[in-house]
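We name chains A, B, ... by the order of the sequence lines, and we start the count at 1 in each one.
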Protein chains: 2
Amino acid sequence: MTNVTNIRDHIANSGLKVTPQRIAVYKALLDIKDHPTAEMVKQHISRDNPSVSLGTVYKTLEKFEEKNLIAKVRTEDDVMRYDPILDKHHHLFCQKTEQIGDYYDEELNQLLNEYFQTKNIPNFKIEDIKLHIIGEFIDK
Amino acid sequence: MTNVTNIRDHIANSGLKVTPQRIAVYKALLDIKDHPTAEMVKQHISRDNPSVSLGTVYKTLEKFEEKNLIAKVRTEDDVMRYDPILDKHHHLFCQKTEQIGDYYDEELNQLLNEYFQTKNIPNFKIEDIKLHIIGEFIDK
DNA sequence: TTTGGTGCAAACTCTTTGCAGGGTC
DNA sequence: GACCCTGCAAAGAGTTTGCACCAAA
C-alpha cells in the first residue's frame, strides 16, 4: 500500500482529486509512522516537493480525515497528530520522547467488550473505547 | 472539601500563597464539575470577582497543575480542560455535548493490571493506563 | 519587608480562511 | 470547461509572557 499507484486509487476512491500534494502527504504519513504533526509532514515532503505550503498540508489532512482516510490523534501537548491507520488500535504514549506507538490487541478489545457487557455505565452508551497507555519505550 | 477553609489549607499546603483569585479558581473547578475550560472558569468566577483576568486564570491553573492540585484533560477538540480530581479514574466523552464525565472502576483497573502483567508489550514500560470511553450520555 | 501574585496587553503557536491563479478530470 | 485544489498571507483561537503594580506571609 506504500506504492504510489495504490495511493492514487485510495485517494480517488474517496472522491477526492488526485494531486501530487495529496500523494505526497499520504505517503509521508505512511513513511514517518510516528503519527506526525502537520509540520513534520511538511518537513518530510519538502525534500521532494519544496513548494508545498503548510496551509495545503493542513487542508489535505483535513480532507483526508473527512473522507476517513486517516484519523486525528490528540496528545498531551498542544499539537494535532495524524494517523493513517484506521483499524481499531490503541496508543502508546512515551513520556520522554513524545513518540506515539500503535498497539493492537484483539484479545484486549474482546476482554473489554465482555467486561462492559455485564458491567454497564449508568446513563452512558458506549460507542468506542480507546486506551491511552502511558509510559516509555525501552531500548531492549 | 468545598468549603473555603479547606480550600485555603489545600492551597497553602502546596506551598502557594493563598489569594482570593486562587480560592475562586479552585472553587470553580469543584462547582462546575464538568471539567471546565479556562474560559468557563473565568465566566463562573466573574459573577463574584468580575475583575479577575483570563491571564490570571491560566497562570493559576498552571500553578495548580505544577503543584499537583489538579490535572489537565485533553479532549478531541482544541481546548484544555481541567480536573480537580486526582484519584485514578477514566473519562467518559460525550460525542454530542462535549461533556466529560468521570468514571471510577477499581475492578476494571485491577483487570487491566492483571492483563498486562501476563501480556506484556515489547519495548514498552507501562506507567499508567487511561481509558477514553467515547459515546453519549442518555437521559434515563 | 520580602516574595510572589495580579492585571493588562502584546506576543506566540497552531490552525483555519479568503482569494486569485492553476491543475485535474 | 467546470470544478476543485493550491499557495500565500492574513486572521483566528487558545494560551503564554513581560512588566509594573500590589498583596500575602
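- Near DNA chain D, meaning a heavy atom under 4.0 Å from it, residues 13-23 of chain A has A:L16, A:K17, A:T19, A:Q21, A:R22 in order of number.
- For residues 82-92 of chain B, the set of pairs meeting the salt bridge (Lys or Arg N to Asp or Glu O under 4.0 Å) definition, not counting sequence neighbours, comprises B:K88-B:D128.
- Rounded to a whole Å, the NZ atom of A:K63 is 10 Å from the P atom of D:dT6.
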**Message:** Walk along nucleotides 9-18 of chain C from 5' to 3' and tag each nucleotide B, S or - by protein heavy-atom contact under 4.0 Å, base first, then sugar-phosphate.
**Reply:** -----SBBBB

**Message:** The test is salt bridge (Lys or Arg N to Asp or Glu O under 4.0 Å); show your working for A:E66 and A:K63 and say whether it passes.
**Reply:** CA-CA 5 Å; A:E66 209 176 296; A:K63 280 283 175 206; 3.7 Å; yes

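- Within the helix from C:dT1-D:dA25 to C:dC25-D:dG1, the inter-axis angle between the opening and closing five-pair segments is 40°, rounded to 10°.
- In terms of heavy atoms, B:Y115 sits closest to A:Y103 at CE2-OH, 4.5 Å.
- At distances below 3.5 Å, at least one donor-acceptor pair connects side-chain atoms of B:R22 with backbone N or O atoms of B:K17.
- Applying the salt bridge (Lys or Arg N to Asp or Glu O under 4.0 Å) test to pairs two or more places apart or on separate chains, those with a residue in residues 110-126 of chain B are A:D105-B:K119, A:E107-B:K119, B:K125-B:E127.
- For A:F116, there are no ring-ring contact (aromatic ring centres under 6.0 Å, His included) partners, not counting sequence neighbours.
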**Request:** For salt bridge (Lys or Arg N to Asp or Glu O under 4.0 Å), just list the numbers for B:E62 and B:K59, CA-CA rounded to whole Å, side-chain angles, deciding distance to a tenth of an Å, and then say yes or no.
**Result:** CA-CA 5 Å; B:E62 174 93 26; B:K59 281 175 186 163; over 6 Å; no

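- Rounding to whole angstrom units, NZ of residue A:K67 and C1' of D:dC4 are separated by 12 Å.
- Side chains of A:Q110 and A:N113: a donor-acceptor N/O pair is absent below 3.5 angstrom, by distance only.
- At the phosphate of C:dG5, neither OP1 nor OP2 sits under 4.0 Å from any side-chain N or O atom of B:T60.
- Rounded to an integer number of Å, the gap from CG of A:N49 to C1' of C:dG23 is 15 Å.
- Nearest heavy atoms, B:H35 versus B:R81: O-NE, 2.6 Å.
- Between B:D102 and B:K33, no side-chain nitrogen of the basic residue sits less than 4.0 Å from a carboxylate oxygen of the acidic one, so the salt-bridge criterion is not met.
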